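Below: the structure, in structure tokens.
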Amino acid sequence: MDSSASTILMPPPLELKDETKKGSVVFDSSKMQKQEKLPTEFIWPDADLVRAQQELNEPLIDLDGFFKGDEAATAHAAELIRMACLNHGFFQVTNHGVDLDLIRAAQEDMGAFFKLPLSRKLSVKKKPGELSGYSGAHADRYTSKLPWKETLSFVYCYDSGSKPMVADYFKTALGEDFEQIGWIYQKYCDALKELSLGIMQLLAISLDVDSSYYRKLFEDGYSIMRCNSYPPCKEAGLVMGTGPHCDPVALTILHQDQVKGLEVFVDNKWQSVKPRPGALVVNIGDTFMALSNGKYKSCIHRAVVNMDKERRSLTFFMSPKDDKVVSPPQELIVREGPRKYPDFKWSELLEFTQKHYRPNNDTLQSFVEWRLSSQTK
């Protein structure tokens, strides 16, 4: 099945150099709801607002046997991942090793931050060039098609040793009142680190390459952990929580609450991803698409907004260390054919998406072309 997003009617990519003028919009959803009309900066084109009419039939994969070393269960899990990644790159996992009480606490505790007065949230606003901090509708980066959401992001390094960098961030940035919450997210990130490295091993098995190849590549990597709040909107049919895009990272692990919102573009139509209690949603990003030499799909997806209910989610974006070279296993190239993407460092793709390009459905190819033109100047 063709999961390509090339058939979506989309405007040309929005380059950040045209949109980095600081916007005048301050995202305060409660005040905006009382206005007669929504600010035009939040209204999206009709072509982007076509709603999903069915649910995605992504596999639900039990990882219990894999973590226990059961070869048959591991092979079965790898096969389910292979089929999903050849098609659209989305699957859900259960028995993933992340304590359900810890997930529940991490999901609930973000409310303590998002319910703070706007002035307090803005005191930890994300600064240009930094990965950690608060963002309201990304209004500091873009001036049109703003997402109807608030986020709090923070960095988690895989090789930080015993230093609790997440807990330290919460205490330093938000004060002692948030120290205990910081430890919840520290433990959550520790657990997702182990899960993400396990999934990397399964991805290697699914591609029939050295099972340790990807795991070794990411063992000293890092992740951006992001808490997302999508407030209700009376004009939900005009706005978008997160616009259509592919994740530039290698792997994304998502926990969503029971309010639907995640949608994936597969078979030329939008399909919703059903929230499943206790499960985590996994999707591969552009970096892993390059690491699989294009064999596995980084699929376009988005988040829609509910008219009556707030939606919250936890997103764990996995990336290699900045100086690591993103290159597929040689055995895959020998077996599958010529290279589709040149080697690059993750820091180069990150810079491209942070400073030059608004991620969409064509980020990786646009990055390759941008990098080539930069090298020839």
Side-chain angles (χ1 to χ4, degrees), residues 55-68 73-74 76-78 80-85 87-110 151 153-154 156 158 166 184-203 205-206 214-215 218 221-230 241-242 247 249-264 271-285 288 296 298-299 301-303 311-319:
E55 289 184 349
L56 182 69
N57 187 29
E58 81 286 2
L60 182 63
I61 304 173
D62 187 339
L63 297 183
D64 185 55
F66 164 69
F67 283 121
K68 290 179 178 177
T74 296
H76 180 61
L80 291 175
I81 288 175
R82 186 184 75 87
M83 294 302 295
C85 291
N87 187 4
H88 46 63
F90 274 77
F91 53 94
Q92 298 202 43
V93 293
T94 59
N95 290 318
H96 37 62
V98 186
D99 185 84
L100 297 183
D101 288 336
L102 180 60
I103 295 176
R104 191 176 302 111
Q107 187 74 39
E108 292 175 355
D109 283 350
M110 75 172 84
T151 65
S153 305
F154 42 94
Y156 172 82
Y158 283 27
V166 173
I184 294 293
Y185 288 113
Q186 179 71 49
K187 294 174 183 177
Y188 185 76
C189 289
D190 288 342
L192 262 67
K193 167 191 172 181
E194 296 305 318
L195 173 59
S196 62
L197 291 174
I199 292 173
M200 281 295 160
Q201 187 174 343
L202 281 169
L203 283 165
I205 295 171
S206 75
Y214 296 124
R215 185 183 181 100
F218 288 91
Y222 69 93
S223 289
I224 300 169
M225 180 72 210
R226 181 169 296 158
C227 302
N228 304 291
S229 170
Y230 302 92
T242 302
D247 295 337
V249 297
L251 192 75
T252 301
I253 303 177
L254 170 80
H255 181 263
Q256 54 180 343
D257 63 14
Q258 294 304 298
V259 180
K260 277 188 176 183
L262 175 62
E263 297 181 351
V264 184
Q271 302 184 37
S272 62
V273 179
K274 181 180 179 180
R276 301 178 187 275
L280 295 169
V281 180
V282 182
N283 69 276
I284 65 168
F288 196 86
Y296 282 178
S298 173
C299 195
H301 54 285
R302 66 184 187 182
R311 177 176 178 265
R312 292 178 184 169
S313 66
L314 296 163
T315 315
F316 187 83
F317 297 108
M318 184 189 198
S319 304

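Just so you know, these numbers come straight off a predicted model, no measurement behind them.
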Indicate yes or no for a side-chain donor-acceptor contact from [X] to the backbone of [Y] under 3.5 Å, with no hydrogens or angles considered.
X	Y	value
Asp257	Val259	yes
Tyr222	Ser319	no
Gln186	Val166	yes
His88	Asn283	no

List in chain and number order the residues that pass side-chain contact (heavy atoms from CB on, under 4.5 Å) with Ala73, two or more places apart in sequence or in another chain; answer none if no residue qualifies.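 Only Asp70 meet the side-chain contact (heavy atoms from CB on, under 4.5 Å) criterion with Ala73.
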
Any luck finding a side-chain donor-acceptor pair between Arg312 and Gln107 under 3.5 Å?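 Per modelled atom types, Arg312 and Gln107 side chains form no pair under 3.5 Å.
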
I want to check something: taking the side chain as every heavy atom from C-beta on, are [X] and [Y] in contact at a cut-off of under 4.5 Å?
X	Y	answer
Phe91	Leu80	no
Leu192	Ser223	no
Ile199	Tyr214	no
Leu63	Leu195	yes

Does Phe90 have any ring-ring contact (aromatic ring centres under 6.0 Å, His included) partners at least two apart in sequence or in another chain, and if so, which?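 His301.
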
Show the nearest heavy-atom pair for residues Glu55 and Lys260, with the distance to one decimal.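 Heavy-atom minimum between the residues: OE2-NZ, 2.7 Å.
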
Taking atom CG as the centre, does Asn57 end up with more than 12 heavy-atom neighbours from other residues, nucleotides or ligands that are less than 6.0 angstrom away?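 Not buried by this count: 12 neighbours or fewer within 6.0 Å.
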
Check this for me, if you would: do Asp101 and Arg104 make a salt bridge, where the nitrogen-to-carboxylate-oxygen distance has to be below 4.0 angstrom?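 Salt bridge flag = yes for Arg104 with Asp101.
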
